[in-house]
Novice: 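Mind having a look at this structure? Questions to follow.
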Amino acid sequence: MRSPVSGLALNDGDEGTDSTPLLQGSPRAEAAVMCCSARYNLALLAFFGFFVVYALRVNLSVALVDMVNSSTTLAENSTSSECPEHSVPIKVHNQTGKRYQWDAETQGWILGSFFYGYIITQIPGGYIASKVGGKLLLGFGILGTAVFTLFTPLAADLGVGFLIAVRTLEGLGEGVTFPAMHAMWSSWAPPLERSKLLSISYAGAQLGTVISLPLSGIICFYMDWVYVFYLFGIVGIFWFILWIWLVSNTPETHRAISPAEKEYILSSLRNQLSLQKSVPWIPMLKSLPLWAIVVAHFSYNWTFYTLLTLLPTYMKEILRFNVQENGFLSALPYFGSWLCMILSGQAADNLRAKWNFSTICVRRVFSLVGMIGPAVFLVAAGYIGCDYSLAVVFLTISTTLGGFGSSGFSINHLDIAPSYAGILLGITNTFATIPGMIGPVIAKSLTPNNTIREWQTVFYIAAAINVFGAVFFTLFGKGEVQNWAVSDYHGHRN
């Protein structure tokens with residue numbers, strides 16, 4: 001396959017002719033209303049599902065600060081003295097929670113252990129969802145994670161090995177969620193609404209972070225860190241009941257969908273979905289557009305996971321915020337990202353539907369803004385010294401701009417192979433999980449003394465990886481259904 005910057009055969013994705021987002025010659029049903037529609041109800045339930053997913057994932061990042069004996073942390077990974085303590089002391093602080101003698105390296109392995117389970121179920125999750133549908137897979141994946149979250153305090157009491165095992169099992173459950181959701185959207189999302197629907201559903205992850213971080217900080221400060229896990233575990237079980245009751249795998253099996261909406265969805269996806277029962281593994285793995293998404297996804301997640309797991313630590317050890325302030329300020333960047341994801345999804349689909357921008361043009365622009373923008377402000381955050389306000393502003397802008405990526409490379413799987421979107425996401429997310437496994441460990445090893453200069457190195461590495469991923473996707477990404485992804489091997493386009 002030749003480079004996208006040179007001439008290409010039509011069925012390989014000629015970006016020069018990709019001006020019509022819908023398929024050539026496919027029936028064009030009148031768009032069904034959005035309000036109270038089945039597809040937007042699915043997006044809303046998925047939104048709350050991924051809210052739960054990330055609330056269950058990140059609560060340990062805040063709780064861990066209160067779970068560890070401060071003298072152990074100071075001995076192994078000293079709090080920086082470069083920035084003065086500036087937080088206003090708060091007299092009421094619960095001290096009844098158990099404390100554990102875990103050094104900095106052990107904390108790094110605890111935070112990273114989730115991803116050892118998460119990486120295992122990515123591709124199997126996508127494959128199973130493509131065969132049997134994503135509803136039950138996603139539902140039971142989150143239910144399993146919620147149940148294991150309830151056992152986290154017990155596991156911590158039994159020993160660090162048990163805690164790592166429970167976090168790994170939580171990762172196994174959450175590993176199927178994104179591939180299962182992508183597989184469901186391959187049957188539910190009309191091409192001109194993909195950015196909107198997927199950005200709504202996946203924005204729940206950012207809001208889960210926004211709510212979970214400060215709420216976890218409040219619970220740890222005034223109550224006991226064990227209630228962090230009990231609360232979010234119960235919320236996960238409640239969501240599972242709603243999901244099983246209200247959701248269907250496809251429009252054909254939905255009990256309450258209107259005939260007009262069903263026809264609109266099915267006609268818009270006609271000729272995009274493959275009728276093959278077997279998965280074209282070899283052509284798929286040889287596809288350069290797939291590897292463009294892999295590189296972008298890996299690069300983006302390096303920054304995302306490093307900040308997700310270590311931002312509370314940075315707030316406490318460098319900027320010297322107390323545990324209550326820590327939760328609120330660590331959540332602020334993800335509020336910006338959540339807002340950006342929602343707005344960018346609307347903008348991306350408007351550019352395609354109303355302004356006739358090509359799919360690949362929209363994906364490239366949003367990926368560039370969502371990856372290079374964060375890199376610039378992340379590096380800048382390392383050079384403002386102890387200016388607490390400016391540090392929070394730069395980190396917030398960096399993470400906010402990352403929200404543009406949700407309408408870029410993040411949903412490109414559905415553009416190039418709708419029938420196999422769950423499998424493709426499983427493949428790309430497998431590689432993109434590696435930063436979650438090694439990023440926090442590397443960052444911890446690079447910051448033994450918690451100095452500003454050490455954290456500058458962490459930010460530089462993340463920014464460089466982000467820029468590389470953005471450039472690679474821009475050069476080799478595509479916006480059309482690839483010929484191996486349709487059963488008749490005609491170069492259908494979206």
Side-chain angles (χ1 to χ4, degrees), residues 61-62 64-65 68 70-87 102-112 213 298-323 325-327 329-334 336 371-402 434-470:
S61 298
V62 176
L64 190 64
V65 176
V68 176
S70 58
S71 61
T72 303
T73 304
L74 289 171
E76 299 290 337
N77 202 11
S78 304
T79 299
S80 172
S81 59
E82 295 182 57
C83 297
E85 183 74 49
H86 74 286
S87 299
W102 297 333
D103 59 25
E105 183 179 359
T106 300
Q107 293 173 52
W109 286 111
I110 291 171
L111 290 172
L213 287 175
F298 175 94
S299 302
Y300 179 90
N301 273 18
W302 186 282
T303 298
F304 180 78
Y305 281 138
T306 297
L307 288 181
L308 188 69
T309 54
L310 294 179
L311 193 55
T313 300
Y314 181 76
M315 291 288 187
K316 178 186 178 185
E317 307 293 354
I318 298 295
L319 301 181
R320 310 292 292 278
F321 292 107
N322 63 42
V323 67
E325 291 175 308
N326 193 337
L329 294 173
S330 295
L332 187 59
Y334 298 100
M371 297 179 74
I372 293 181
V376 171
F377 283 95
L378 190 61
V379 171
Y383 283 92
I384 45 78
C386 296
D387 189 330
Y388 313 107
S389 299
L390 200 56
V392 172
V393 168
F394 280 1
L395 288 171
T396 299
I397 294 174
S398 176
T399 308
T400 297
L401 290 175
I434 295 173
M437 298 166 63
I438 65 175
V441 177
I442 291 175
K444 284 280 188 181
S445 67
L446 290 173
T447 56
N449 301 309
N450 267 323
T451 64
I452 292 176
R453 184 172 294 276
E454 289 172 347
W455 278 93
Q456 286 174 353
T457 303
V458 172
F459 293 158
Y460 259 126
I461 292 173
I465 293 173
N466 243 22
V467 171
F468 173 77

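Count residues from 1 along the sequence.
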Novice: What closest approach, in Å, do Glu454 and Asn449 show between heavy atoms, and which atom pair accounts for it?
Specialist: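 The pair with the smallest heavy-atom distance is OE1-N, 3.1 Å.
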
Novice: Closer than 3.5 angstrom, by distance alone: can the side chain of Ser398 be matched with the main-chain N or O of Phe394 as a donor-acceptor pair?
Specialist: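 A pair under 3.5 Å: no.
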
Novice: May I ask you to test the Ile397-Val376 pair for a side-chain heavy-atom distance under 4.5 Å?
Specialist: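 Counting from C-beta outward, Ile397 and Val376 never come under 4.5 Å.
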
Novice: Tell me, do Ser61 and Leu111 make a side-chain contact under 4.5 Å, heavy atoms counted?
Specialist: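 A side-chain contact under 4.5 Å exists here.
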
Novice: Pick one: which of Thr447, Ile442, Leu378 meets side chain to side chain contact (heavy atoms under 4.5 Å, CB included) with Val458?
Specialist: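 Of all the options given, the one that passes is Thr447.
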
Novice: Decide side-chain contact (heavy atoms from CB on, under 4.5 Å) for Val68 and Thr106; before the verdict, give the C-alpha distance in whole Å, the side-chain angles of both, and the deciding distance to 0.1 Å.
Specialist: CA-CA 11 Å; Val68 176; Thr106 300; over 6 Å; no

Novice: Taking it one step at a time, do Trp302 and Ile434 satisfy side-chain contact (heavy atoms from CB on, under 4.5 Å)?
Specialist: CA-CA 8 Å; Trp302 186 282; Ile434 295 173; 5.8 Å; no

Novice: Is there a side-chain contact between Asn466 and Pro374, using heavy atoms and a 4.5 Å cut-off?
Specialist: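 Touching, per the 4.5 Å side-chain cut-off.
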
Novice: Does the side chain of Val467 come within less than 4.5 Å of Met371's, by heavy atoms?
Specialist: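 They are not in contact (no side-chain heavy atoms under 4.5 Å apart), so the answer is no.
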
Novice: Using modelled atom types and a 3.5 Å cut-off, is there a donor and acceptor pairing between side-chain atoms of Gln107 and backbone atoms of Trp102?
Specialist: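 Present.
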
Novice: Please report the C-alpha distance between Thr303 and Ile465 in whole Å, then the side-chain angles of each, then the deciding distance to 0.1 Å, and finally whether the side-chain contact (heavy atoms from CB on, under 4.5 Å) criterion is met.
Specialist: CA-CA 8 Å; Thr303 298; Ile465 293 173; over 6 Å; no

Novice: What heavy-atom pair brings Ser299 and Gly469 nearest, and what distance separates the two atoms?
Specialist: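 Nearest heavy atoms, Ser299 then Gly469: OG-CA, 3.3 Å.
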
Novice: Is a side-chain N or O of Gln456 found less than 3.5 angstrom from the main chain of Val379, in a donor-acceptor match?
Specialist: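 Side chain of Gln456 to backbone of Val379: no pair is present.
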
Novice: Measure up the Phe304 and Tyr300 rings against each other and bin them: parallel (under 30°), tilted (30 to 60°), perpendicular (over 60°).
Specialist: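 The arrangement is parallel - the two ring planes meet at less than 30°.
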
Novice: Run the numbers on Ile438 and Tyr305 for side-chain contact (heavy atoms from CB on, under 4.5 Å), then give the verdict.
Specialist: CA-CA 10 Å; Ile438 65 175; Tyr305 281 138; over 6 Å; no

Novice: Which heavy atom of Ile384 sits nearest to which heavy atom of Ala381, and what is that distance?
Specialist: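 For Ile384 and Ala381, the tightest heavy-atom pair comes out as CG1-O, 3.3 Å.
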
Novice: Please tell me if the side chains of Phe377 and Thr396 come closer than 4.5 Å, counting only heavy atoms from C-beta onward.
Specialist: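 No, every pair of side-chain atoms sits at 4.5 Å or beyond.
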
